[in-house]
Amino acid sequence: MTEKLTGLTEWFQTPPGRYLLGWEQTQFDLAVADLFGYNAMQLGLPELQTLQANRMPHRWLALPEELQSLVAQAAQAVDSNEQPQRMRVALVTDAAALPFPAASLDLVVLPHTLELSADPHQVLREVERVLVPEGRVVISGFNPGSLWGLRQGRARLSGRVGVLGTPDLFLPDAGEFIGPWRLRDWLRLLSFEVESDRFGCYRPAMTTDKWLQRMAWMDRAGARWWPIFGAVYFVVAVKRVRGMRLLGPSWKPRRVASPAPVPVANRR
């Protein structure tokens with residue numbers, strides 16, 4: 001599994017990988033910029049700086065245990081001059097058993113973390129546990145219903161049955177795609193409410209910058225005509241707690257009731 005994850009890390013340095021990371025970075029910046037609180041955590045994918053636009057005082061980058069071999073590489077990237085802005089890895093943890101007390105984090109970001117986990121549903125359970133009421137989780141993942149996902153699924157199926165003359169895997173063979181409809185069901189079962197979702201990266205599975213640039217028009221067309229078939233999806237959900245009532249600030253001035261009108265006797 002570690003070798004497959006390393007292959008995915010190398011794939012992110014290819015033209016389609018950089019294209020996908022560029023779109024996701026923009027979405028994360030927009031999604032977390034106006035989320036407030038004290039503690040935020042990014043779990044997985046050090047290639048993205050998902051919390052750089054957030055203003056919470058405590059922000060951490062955590063890696064799952066499967067990516068432990070990449071921690072040293074991430075640390076070297078921080079110390080190098082190529083990527084001095086990358087966040088340092090704060091801890092290596094089991095994504096299905098986070099070392100945080102209940103209701104202690106205001107924001108958790110999962111960039112492709114669920115599809116690379118052996119037990120993605122348990123990871124979501126842990127996220128629900130550590131989030132405060134009204135806390136947010138931001139998730140990105142590959143869409144199995146996209147052109148990229150269909151090519152990946154066809155290549156995997158052909159490889160299992162031994163068919164010759166089929167296309168190679170476009171993405172590294174790491175993890176399992178989780179459809180956005182399936183993710184919505186999981187979130188609903190855990191009392192999350194989806195605030196927003198969107199799709200992106202509509203260009204075909206090209207491997208060169210030249211052809212990716214030629215197909216740039218498909219991003220505009222896809223967002224308008226076939227929005228649910230983007231190669232990647234992006235979901236923002238909020239943790240709801242039943243029976244909880246949010247109180248306003250104590251310093252908010254109270255409205256003084258106007259005095260009741262007093263009748264005046266008619267004068268003769």
Side-chain angles (χ1 to χ4, degrees), residues 23-46 48-64 87 90-91 93-117 119-141 143 178-200 232-255:
W23 184 86
E24 289 195 9
Q25 185 66 64
T26 300
Q27 304 309 311
F28 280 114
D29 289 345
L30 294 174
V32 306
D34 295 328
L35 298 182
F36 299 98
Y38 295 96
N39 303 307
M41 180 186 68
Q42 172 184 338
L43 181 59
L45 203 62
L48 279 174
Q49 303 171 68
T50 64
L51 299 175
Q52 68 176 1
N54 187 261
R55 289 170 282 181
M56 294 187 190
H58 307 294
R59 293 169 292 172
W60 302 291
L61 170 61
L63 292 186
M87 291 179 61
L91 71 154
T93 179
D94 183 356
L98 299 174
F100 296 97
S104 59
L105 300 180
D106 300 280
L107 171 64
V108 176
V109 183
L110 304 175
H112 297 277
T113 308
L114 295 179
E115 60 200 7
L116 298 177
S117 173
D119 192 351
H121 196 269
Q122 178 58 30
V123 174
L124 269 184
R125 287 184 180 273
E126 273 296 280
V127 171
E128 190 275 337
R129 181 185 68 84
V130 301
L131 276 177
V132 300
E134 303 299 310
R136 264 75 173 181
V137 59
V138 185
I139 304 169
S140 67
N143 180 15
I178 300 173
W181 50 90
R182 184 181 175 193
L183 178 62
R184 274 181 167 271
D185 290 339
W186 289 0
L187 291 171
R188 189 179 301 111
L189 288 174
L190 294 174
S191 300
F192 281 102
E193 179 181 331
V194 175
E195 283 191 328
S196 64
D197 60 350
R198 68 201 69 166
F199 295 81
V232 62
Y233 59 84
F234 189 86
V235 177
V236 180
V238 58
K239 175 182 175 180
R240 301 298 189 191
V241 178
R242 295 182 180 180
M244 186 188 69
R245 180 181 179 183
L246 295 179
L247 300 178
S250 58
W251 46 263
K252 186 175 181 180
R254 296 181 179 178
R255 181 177 299 177

**Student:** Which heavy-atom pair separates Leu45 from Pro111 by the least distance, and what is that distance?
**Tutor:**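 In terms of heavy atoms, the two residues are closest at CB-O, 3.6 Å.
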
**Student:** Should Arg188 and Asp185 count as an ion pair when the cut-off is N to O under 4.0 Å?
**Tutor:**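 Counted as a salt bridge, because a side-chain N and a carboxylate O are separated by less than 4.0 Å.
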
**Student:** Check for a donor-acceptor pair, side chain of Thr93 on one end and backbone N or O of Ala95 on the other, with a separation under 3.5 Å.
**Tutor:**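 Looks like no, no N/O pair under 3.5 Å.
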
**Student:** Please give me the minimum heavy-atom distance between Val123 and Ser117, naming the atom from each residue.
**Tutor:**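 Scanning both residues, the minimum pair turns out to be CG2-OG, 3.3 Å.
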
**Student:** Are the side chains of Ser191 and Glu128 in contact, using a 4.5 Å heavy-atom criterion?
**Tutor:**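 The answer is no, as the side chains (C-beta and beyond) never meet within the 4.5 Å cut-off.
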
**Student:** To the closest 0.5 Å, what do you measure between CG (Leu183) and CZ (Phe192)?
**Tutor:**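 Atom-to-atom, Leu183:CG and Phe192:CZ are 10.0 Å apart.
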
**Student:** Backbone N or O of Thr50 within a donor-acceptor pair of the Gln42 side chain at under 3.5 Å?
**Tutor:**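 Looks like yes, one N/O pair under 3.5 Å.
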
**Student:** Working to the nearest 0.5 Å, report the span between CG of Leu30 and CD of Gln25.
**Tutor:**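 If I round to the nearest 0.5 Å, the distance is 10.0 Å.
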
**Student:** Any side-chain heavy atom of Asp29 within less than 4.5 Å of one from Thr26?
**Tutor:**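 No, too far: nothing below the 4.5 Å cut-off.
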
**Student:** About how many Å separate CG of Leu190 and CZ of Arg125, when rounded to the nearest 0.5 Å?
**Tutor:**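 Interatomic distance, Arg125 CZ to Leu190 CG, rounded to 0.5 Å: 5.5 Å.
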
**Student:** Do Pro180 and Val235 have side chains that get closer than 4.5 Å, going by heavy atoms?
**Tutor:**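 Heavy-atom side-chain distance check fails, nothing below 4.5 Å.
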
**Student:** Would you find a donor on one side and an acceptor on the other, under 3.5 Å apart, between the side chain of Asn39 and the backbone of Ser104?
**Tutor:**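 Looks like yes, one N/O pair under 3.5 Å.
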
**Student:** As an exercise, state the distance from CD of Gln49 to CZ of Phe28, rounded to the nearest 0.5 Å.
**Tutor:**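 These two atoms lie 12.0 Å from each other.
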
**Student:** Work out which heavy atom in Val241 is nearest to a heavy atom in Pro133; give both atom names and the distance.
**Tutor:**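 So the minimum-distance heavy-atom pair works out to CG2-CB, 3.7 Å.
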
**Student:** Under 3.5 Å, is there a donor-acceptor pair between the side chain of Arg59 and the main chain of Leu51?
**Tutor:**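 Between the backbone of Leu51 and the side chain of Arg59 there is a qualifying donor-acceptor contact (under 3.5 Å).
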
**Student:** For a 4.5 angstrom cut-off between non-hydrogen side-chain atoms, does Val194 reach Val236?
**Tutor:**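 No. Closest side-chain heavy atoms not under 4.5 Å.
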
**Student:** Only one of Val132, Leu131, Leu35 passes side-chain contact (heavy atoms from CB on, under 4.5 Å) with Asp106; say which it is.
**Tutor:**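 Checked Val132, Leu131, Leu35 against Asp106; only one passes side-chain contact (heavy atoms from CB on, under 4.5 Å): Val132.
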
**Student:** I'd like to know if the side chain of Arg198 reaches the main chain of Gln27, judged simply by a donor and an acceptor atom lying under 3.5 Å from each other, with no hydrogens or angles considered.
**Tutor:**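 No: the side chain of Arg198 does not pair with the backbone of Gln27.
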
**Student:** Using a strict 4.0 Å threshold on nitrogen-to-oxygen distance, state whether Lys239 and Glu193 make a salt bridge.
**Tutor:**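 Answer for the salt bridge query: no.
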
**Student:** Hey, does Tyr233 have a side-chain heavy atom less than 4.5 Å from the side chain of Ile178?
**Tutor:**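 Of all side-chain heavy-atom pairs linking Tyr233 with Ile178, at least one is under 4.5 Å.
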
**Student:** Verify, without hydrogens or angle tests, whether Thr113 (side chain) and Leu43 (backbone) share a donor-acceptor contact under 3.5 angstrom.
**Tutor:**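 Side chain of Thr113 to backbone of Leu43: a pair is present.
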
**Student:** Looking at Glu134, is its backbone amide N or carbonyl O close enough to the side chain of Arg136 to form a donor-acceptor pair, meaning the two atoms are under 3.5 Å apart?
**Tutor:**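 Yes, Arg136 side chain to Glu134 backbone: donor-acceptor pair under 3.5 Å.
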
**Student:** For the side chain of Asp94 and the backbone of Pro64, is there at least one donor-acceptor N/O pair under 3.5 Å apart?
**Tutor:**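 No.
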
**Student:** Minimum heavy-atom separation for Glu24 to Ser140, with atom names?
**Tutor:**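 Taking every non-hydrogen atom into account, OE1-OG, 3.4 Å.
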
**Student:** Can you name the nearest heavy-atom pair linking Gly141 to Val232, along with the distance?
**Tutor:**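 Looking at all heavy atoms of both residues, the closest pair is O-CG2, 3.1 Å.
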
**Student:** So His121 and Trp186, do their side chains get closer than 4.5 Å, heavy atoms only?
**Tutor:**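 Trp186 vs His121: side chains touch.
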
**Student:** Taking atom CH2 of Trp60 and atom CE of Met41, what is their separation to the nearest 0.5 Å?
**Tutor:**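 Rounded to the nearest 0.5 Å, the CH2-CE separation comes out at 9.0 Å.
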
**Student:** Can you tell me if Arg129 uses its side chain to pair, donor with acceptor, with the backbone of Leu98 under 3.5 Å?
**Tutor:**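 Checked: pair present.
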
**Student:** What distance do Ile139 atom CD1 and Phe234 atom CZ have between them, rounded to the nearest 0.5 Å?
**Tutor:**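 Reported value, rounded in 0.5 Å steps: 10.0 Å.
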
**Student:** Is the shortest heavy-atom distance from the side chain of Arg55 to the side chain of Phe36 under 4.5 Å?
**Tutor:**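 In short, these two side chains touch, coming nearer than 4.5 Å.
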
